[in-house]
S.K.: 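Sharing a structure with you now.
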Amino acid sequence: MTEPTQPGHESGEPMTTEQPGGERRPRLGVRLFGLALVIISVTLATYLVVAYFAFESGRAAAVAQASTSRAEQINRQIELAREDLVEGSVNLARTRLEWVLTQEPANGVASSLLSEIAAGQAAPPPEPTEEPAPAATDEPLEADASDAQPELQAIRRMVAAKDWEGALPALLAFRQQFPDYQRNDTDRLLYDTYVALGLKHVNSDKIEMGLNYFSQAERLGTLPQEALDYRAWADLYFQGIAYSGVNWQIASGYWRDLCAAAPFFKNACERFDTALEGYGDQLAYLEDWCPAVPIYQEAWNRNPTEKLQNKLSLAREGCANATPVPITGTLPLTGTAPITDTAPSPGEPGG
């Protein structure tokens with residue numbers, strides 16, 4: 001008898017049986033692997049897009065913060081310049097307005113006020129209000145008073161031309177030779193000369209010389225507000241210099257006040273920025289992360305840089321991870337008996 005053959009299978013050929021899923025398993029693995037790659041690619045692309053927009057948002061926020069801070073400072077200096085003009089402190093008003101134009105050259109208000117100053121719409125210098133204190137002088141030289149008038153006229157011309165360096169020695173020599181000749185006039189000329197020289201040097205590298213001229217002028221009359229302001233700013237400057245690099249916390253306080261009142265004086269605001277960062281660095285070095293956060297934040301608000309952003313992020317992370325150390329009544333060493341006030345009895349060691 002012959003064995004039946006299955007349809008589609010030729011006689012004499014061995015039968016092969018296909019196992020279900022034998023070829024599907026590799027294909028399924030490939031598909032899963034491809035799907036995983038797609039998911040990873042989409043996730044990575046999404047992360048990069050989010051990171052990019054976060055970076056752009058942070059940069060835009062930094063630019064906006066810097067612009068806001070600068071605008072506030074510029075408006076404040078224009079307001080102070082107007083007050084200076086009312087008080088007759090023309091030179092100080094001009095200095096403020098020139099600083100504004102260095103920050104914002106297209107500022108129309110500052111340009112207009114400077115034009116008014118240039119046009120001569122300014123108050124004259126204040127009159128001395130106190131009599132000069134008597135001072136010991138050398139015996140005056142004998143001289144003919146008829147020679148005094150032309151010399152005094154020459155000195156007046158030097159003062160009018162603002163030749164302060166030439167006027168000062170000429171005035172001192174004239175007062176020694178003619179101590180009583182038109183004393184009120186020579187007092188006024190000498191006062192104006194001292195004040196002008198003080199203002200010239202106090203905002204330069206010769207601050208001490210400027211302060212000395214203010215002291216000389218104060219002997220002849222009350223100093224104008226402009227000179228008093230510069231004297232106060234110079235004091236803040238010297239205090240800030242003394243504490244910078246030693247105690248940044250105290251130094252930042254002095255630079256803060258000076259930056260707010262006179263940002264044009266001795267790079268006060270740049271020094272304030274340096275002091276804030278230095279103070280934050282001191283706290284970070286001591287791992288006082290939480291106090292460092294607002295310091296770095298203020299420094300970043302004023303000068304948003306990537307360096308400060310990294311320091312701020314590090315301080316925030318350190319503050320978030322900081323845990324307070326619990327204070328308990330347990331002894332620091334375990335397995336030991338507590339110390340008591342009981343004195344050793346006789347016969348015991350130490351008794």
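Atoms considered below: every heavy atom in the structure, side chains included; atoms not considered: hydrogens, waters and symmetry mates. Owing to the predicted nature of the structure, the values given are computational and were not obtained by experimental measurement.
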S.K.: Test of understanding: with side chain to side chain contact (heavy atoms under 4.5 Å, CB included), list the residues that count as partners of Lys206, not counting sequence neighbours.
M.R.: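 Per chain and number, Lys206 pairs via side chain to side chain contact (heavy atoms under 4.5 Å, CB included) with His201, Ser204, Met209.
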S.K.: Between the side chains of Asp187 and Arg183, is the shortest nitrogen-to-carboxylate-oxygen separation below 4.0 Å, so that they form an ion pair?
M.R.: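 Salt bridge flag = yes for Asp187 with Arg183.
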S.K.: Suppose we screen for salt bridge (charged side-chain N to carboxylate O under 4.0 Å, His left out). Which residues come up paired with Asp288, at least two apart in sequence or across chains?
M.R.: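 Checked Asp288 against salt bridge (charged side-chain N to carboxylate O under 4.0 Å, His left out); zero matches.
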S.K.: On a heavy-atom basis, which atom in Pro263 and which in Trp99 lie closest, and how many Å separate them?
M.R.: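 In this case the closest contact between Pro263 and Trp99 is CB-CZ2, 3.7 Å.
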S.K.: Please tell me if the side chains of Trp233 and Asp257 come closer than 4.5 Å, counting only heavy atoms from C-beta onward.
M.R.: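 A side-chain contact is absent here, since even the closest heavy-atom pair is not under 4.5 Å.
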S.K.: Can you tell if the side chain of Leu228 reaches within under 4.5 Å of the side chain of Phe214, non-hydrogen atoms only?
M.R.: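 Side chain of Leu228 against side chain of Phe214, heavy atoms only: no contact under 4.5 Å found.
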S.K.: I'd like to check Gln225 versus Leu92 (side-chain heavy atoms, cut-off strictly below 4.5 Å). Are they in contact?
M.R.: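 Side-chain contact under 4.5 Å: no.
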S.K.: Measuring from Thr95:OG1 to Phe265:CZ, what's the distance to the nearest 0.5 Å?
M.R.: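 Answer rounded to 0.5 Å: 11.0 Å.
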S.K.: Would Glu218 and Tyr194 count as a side-chain hydrogen bond (donor to acceptor under 3.5 Å, both in side chains) here? Give the steps.
M.R.: CA-CA 9 Å; Glu218 202 168 23; Tyr194 277 138; over 6 Å; no
S.K.: Without hydrogens or angle criteria, can the side chains of Gln249 and Tyr243 be said to hold a donor-acceptor pair below 3.5 Å?
M.R.: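 Per modelled atom types, Gln249 and Tyr243 side chains form no pair under 3.5 Å.
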S.K.: Which residues, ordered by chain and number, are linked to Leu80 in its hydrophobic cluster, where ILVMFWY side chains connect at heavy-atom gaps below 4.5 Å, directly or through other members?
M.R.: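 Members besides Leu80: none; it forms no cluster.
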S.K.: State, yes or no, whether a side-chain contact exists between Leu113 and Glu116 at a heavy-atom distance under 4.5 Å.
M.R.: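 Leu113 reaches Glu116 side chain to side chain.
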S.K.: According to the interplanar angle, ranging from 0 to 90°, do the rings of Phe178 and Phe174 count as parallel (below 30°), tilted (30 to 60°) or perpendicular (above 60°)?
M.R.: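 The arrangement is tilted - the two ring planes meet at 30° to 60°.
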S.K.: Please say yes or no: joined through hydrophobic side-chain contacts below 4.5 Å, possibly via intermediate residues, are Ile295 and Trp289 part of one cluster?
M.R.: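 No; Trp289 is not reachable from Ile295 via cluster members.
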S.K.: Start with the C-alpha distance between Glu298 and Phe272, add both sets of side-chain angles, then the distance that settles side-chain contact (heavy atoms from CB on, under 4.5 Å), and finish with yes or no.
M.R.: CA-CA 11 Å; Glu298 183 179 6; Phe272 179 40; 3.7 Å; yes
S.K.: Scan side-chain atoms only and decide if Arg76 and Gln73 contain a donor-acceptor pair under the 3.5 Å cut-off.
M.R.: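 No, Gln73 and Arg76 have no side-chain donor paired with an acceptor closer than 3.5 Å.
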S.K.: Measure from NZ or CZ of Lys266 to the centre of the six-membered ring of Tyr237, then state whether that distance is under 6.0 Å and the direction lies within 45° of the axis.
M.R.: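 Yes, a cation-pi geometry holds between Lys266 and Tyr237.
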S.K.: Indicate the atoms forming the closest heavy-atom contact of Leu258 with Ala268, along with that distance.
M.R.: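 For Leu258 versus Ala268, the nearest heavy atoms are CG-CB, 3.6 Å.
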S.K.: Which atom names give the shortest non-hydrogen contact between Leu101 and Asn107, and what distance separates them?
M.R.: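 Nearest pair, atom of Leu101 first, then Asn107: CD2-O, 3.7 Å.
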S.K.: Does the side chain of Lys162 come within less than 4.5 Å of Lys200's, by heavy atoms?
M.R.: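 No, side chains not in contact.
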S.K.: Among all residues two or more places apart in sequence or in another chain, which pass the side chain to side chain contact (heavy atoms under 4.5 Å, CB included) test with Asn75?
M.R.: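 Side chain to side chain contact (heavy atoms under 4.5 Å, CB included) list for Asn75, sorted by chain: empty.
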S.K.: Would Asp192 and Arg188 satisfy salt bridge (Lys or Arg N to Asp or Glu O under 4.0 Å), going step by step from the backbone distance to the final call?
M.R.: CA-CA 6 Å; Asp192 291 345; Arg188 170 57 189 272; 2.7 Å; yes
S.K.: Where do Tyr191 and Leu220 come nearest, in terms of heavy atoms and distance?
M.R.: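 Heavy atoms only, the tightest pair is N-CD1, 3.6 Å.
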S.K.: What is the distance from atom CG of Asp163 to atom CG of Leu168, rounded to the nearest 0.5 Å?
M.R.: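 Result: 10.5 Å between the selected atoms.
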S.K.: Taking atom types as modelled, is there a side-chain donor on Gln182 or Thr186 under 3.5 Å from an acceptor on the other?
M.R.: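 Thr186 and Gln182 do not have a side-chain donor-acceptor pair below 3.5 Å.
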S.K.: Report the residues that fulfil side-chain hydrogen bond (donor to acceptor under 3.5 Å, both in side chains) with Ser244, sequence neighbours left out, ordered by chain and then residue number.
M.R.: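 Scan of Ser244 (side-chain hydrogen bond (donor to acceptor under 3.5 Å, both in side chains), adjacent residues dropped) gives Trp255.
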S.K.: Please determine whether the number of non-hydrogen atoms from other residues, nucleotides or ligands lying under 6.0 Å from atom CD of Glu306 exceeds 12.
M.R.: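 Counting other residues, nucleotides and ligands, CD of Glu306 stays at 12 neighbours or fewer.
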S.K.: Would you check if Gln77 and Gln103 make a side-chain contact, meaning some heavy-atom pair closer than 4.5 Å?
M.R.: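 Not in contact.
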S.K.: For a quick check under 3.5 Å, do Asn212 and Glu208 share a side-chain donor-acceptor pair by atom type?
M.R.: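 Side-chain D/A pair, Asn212 to Glu208: absent.
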S.K.: Search all heavy atoms of Ala292 against all heavy atoms of Gly280 and return the closest pair with its distance.
M.R.: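 So the two residues come closest at CB-O, 4.1 Å.
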S.K.: Taking atom CG of Leu171 and atom CH2 of Trp164, what is their separation to the nearest 0.5 Å?
M.R.: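 Answer rounded to 0.5 Å: 10.0 Å.
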S.K.: Measuring from Tyr230:OH to Ile207:CD1, what's the distance to the nearest 0.5 Å?
M.R.: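 It is 11.0 Å, given to the nearest 0.5 Å.
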S.K.: Who passes side-chain hydrogen bond (donor to acceptor under 3.5 Å, both in side chains) against Asp84, sequence neighbours left out?
M.R.: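 Result, side-chain hydrogen bond (donor to acceptor under 3.5 Å, both in side chains) vs Asp84: Arg96.
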S.K.: Dump the intermediate steps for side-chain contact (heavy atoms from CB on, under 4.5 Å) on Asn203 and Leu199, then the final yes or no.
M.R.: CA-CA 7 Å; Asn203 199 17; Leu199 293 174; over 6 Å; no
S.K.: I'd like to check Arg302 versus Cys259 (side-chain heavy atoms, cut-off strictly below 4.5 Å). Are they in contact?
M.R.: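 Arg302 vs Cys259: side chains touch.
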S.K.: Looking only at non-hydrogen atoms, find the nearest pair between Val159 and Ala167 and report the distance.
M.R.: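 Minimum heavy-atom separation between Val159 and Ala167: CG2-CB, 3.8 Å.
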S.K.: Would Glu317 and Ser313 count as a side-chain hydrogen bond (donor to acceptor under 3.5 Å, both in side chains) if you check the C-alpha gap in whole Å, the side-chain angles of each, and the deciding distance to 0.1 Å?
M.R.: CA-CA 6 Å; Glu317 181 180 353; Ser313 299; over 6 Å; no
S.K.: Set out, in order, the CA-CA distance, both residues' side-chain angles and the distance that settles side-chain contact (heavy atoms from CB on, under 4.5 Å) for Arg82 and Val109, then state yes or no.
M.R.: CA-CA 11 Å; Arg82 287 196 175 101; Val109 178; 3.3 Å; yes
S.K.: Heavy atoms, side chains only, cut-off 4.5 Å: are Ser215 and Arg231 in contact?
M.R.: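 Ser215 vs Arg231: side chains touch.
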S.K.: Would Leu312 end up clustered with Leu314 when hydrophobic side chains under 4.5 Å apart are linked, directly or stepwise?
M.R.: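 Not linked; separate clusters.
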S.K.: Nearest 0.5 Å, what's the CZ-CG distance between Arg316 and Asn321?
M.R.: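 The distance works out to 14.0 Å.
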S.K.: Between Asn247 (side chain) and Ile250 (backbone), is there a donor-acceptor pair under 3.5 Å?
M.R.: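 Side chain of Asn247 to backbone of Ile250, a donor-acceptor pair under 3.5 Å: yes, one is there.
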S.K.: Would you give the length of the straight line joining atom CG of Leu190 to atom CD of Gln216, rounded to the nearest 0.5 angstrom?
M.R.: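 Here the rounded value is 8.5 Å.
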S.K.: Would Gln297 and Asn301 count as a side-chain contact (heavy atoms from CB on, under 4.5 Å) if you check the C-alpha gap in whole Å, the side-chain angles of each, and the deciding distance to 0.1 Å?
M.R.: CA-CA 6 Å; Gln297 182 67 63; Asn301 290 344; 3.0 Å; yes
